[in-house]
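The structure appears below as structure tokens.
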Amino acid sequence: MEQLKVYIAAAAGATTGPSWYWYATRGLGVSTLIVLTVTVVLGIITSARWSGQATPGFVAAEVHRNFSLLAIVLLLAHAATTVLDPFAHIGVRDVLVPVGAAYRPVWLGLGVAAAEVLVAVAASSLLRGRIGRRAWRLIHWAAYAAWPLALVHGLGTGSDARASWMIAAIGWCLAAVLIALAYRLRRGPLATLPVRAAAVAGIALFVAAGSSWAFTGPLAPGWAARAGTPTIAAAAKHGSVHAGPEGFSDPLVGLLVRDASGYTQISMRDTVDTALTVAIRSPNSNETLPVVTVSRDGRSLCATPAAVTATLYAVCGTTRLTISLDAQSTLAETGGRITGLLVTSGPLN
């Protein structure tokens, strides 16, 4: 344990840490979806001429408008942090054009399409006096199409689709919109009954198809490769994005956690071959050296003790590993964000 503690203390400094955009863009994406859901729900019940005894109709409409503006702000921040984050290599073009991206192109494109619809709605509201009420209303109704696109985008592109909190957030958003739609469609003139019945059938079809896709896609193992993540797709085909017997040198990024007793654990991901993860933990009472565990897509490739000098040395199968931590990492007393470098003598399959 002391060896790993000394190594970490020597390798990690107190300067500004690596990019936090990876976490920011994920949090902002979920926040945007939640706020957009609230906006859609308010829009649905406002269109039903809903108002309480203490809530005039114009108040509900004003709240709806404010949540719409908040959704736009969060959306812009989500797009900005996505571009600034170096992990997925998503460029400015990719957040403006809904086709042709290298990273999960279909699911990223749906998010771009949803964003463009929301921006168009916001612009039409500013130009309502010039474009006329009819055109504004048609554009405004398109905003409701942005919500399912954003929902599918969040599941298809996000890296947290299988996390319990993400599933809970998606479930809450879906339930809220379905309840609002049920309130909106449950009554109306008899002449609109066929239209309302068709809407109910369409909603049921969307929920059934979406649930089937979610459980066989984003919520199932191996989705990253099937979604179109470039390095993951290559790893699934070749066993590694580094074809051939040559070694490689890849940046690592992750977290260090240290408890009150001094037990330390580091979890890092290869930023080039993102299916590859490296975990380093302090030795337990029966061990004398830190233990390095290398995994691919959650499958352990090896768990081996590592010699500690200025770097960590280990052997995974027939491949020699060198792991060094970055002095630019930000570490508090209990841990924090950490980066490093993985150098190998050959592939890790």
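In what follows, residues are counted from 1 in the order of the sequence shown. Keep in mind that the numbers below use all heavy atoms, side chains included, and drop hydrogens, waters and symmetry copies. Quick caveat: nothing in here was measured; it's all calculated off a predicted structure.
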Seminar exercise, completed: With V343 as partner, the option from D250, L321, T322 fulfilling side-chain contact (heavy atoms from CB on, under 4.5 Å) is T322

Exercise. Do T319 side-chain atoms and P347 backbone N/O form a donor-acceptor pair below 3.5 Å?
Worked result: yes

Exercise. Should D273 and L348 be marked as a side-chain contact (heavy atoms from CB on, under 4.5 Å) after you check the CA-CA gap, both sets of side-chain angles, and the distance that decides it?
Worked result: CA-CA 10 Å; D273 183 357; L348 288 170; over 6 Å; no

For this session: Quick one: pull up OG1 in T81 and OH in Y23 and give me the separation to the nearest 0.5 Å.
Result: 14.0 Å

For residues 111-119, which side-chain N or O atoms pair as donor and acceptor with protein atoms under 3.5 Å away, sequence neighbours left out?
none

Problem set entry | Set of residues satisfying side-chain hydrogen bond (donor to acceptor under 3.5 Å, both in side chains) with respect to T37, sequence neighbours excluded | W147

For this session: Treat each ILVMFWY residue as a node, draw an edge where side-chain heavy atoms are under 4.5 Å apart, and state whether I139 and L69 are in one component.
Result: no

For this session: Return yes if some donor-acceptor pair links the side-chain N/O of R104 with the main-chain N/O of T157 below 3.5 Å, else return no.
Result: yes

Problem set entry | From L33 atom CG to W172 atom CH2, the distance as rounded to the nearest 0.5 Å | 9.0 Å

Exercise. Residues in side-chain hydrogen bond (donor to acceptor under 3.5 Å, both in side chains) with S68, at least two apart?
Worked result: none

Problem set entry | Within 6.0 Å of CZ in R134, more than 12 heavy atoms from elsewhere | no

Exercise. Between the main-chain N or O of P251 and the side-chain N or O of T271, is there a donor-acceptor pair closer than 3.5 Å?
Worked result: yes

Problem set entry | From CG (L255) to CZ (R269), nearest 0.5 Å | 11.5 Å

Seminar exercise, completed: d(L276 CG, R296 CZ) to nearest 0.5 Å is 5.0 Å

Problem set entry | Pairwise side-chain contact, V177 with V41, heavy-atom cut-off 4.5 Å (strictly under) | yes

Problem set entry | Under 3.5 Å donor-acceptor, T339 side chain and V253 backbone | no

Exercise. Got a sec: does the CZ of R93 have more than 12 other heavy atoms crowding it under 6.0 Å?
Worked result: yes

Seminar exercise, completed: One should read off an interatomic distance between I323 CD1 and I280 CD1, to the nearest 0.5 angstrom, of 4.5 Å

Exercise. Is there a chain of hydrophobic side chains (I, L, V, M, F, W, Y, each step under 4.5 Å between heavy atoms) that links L174 to I167?
Worked result: no

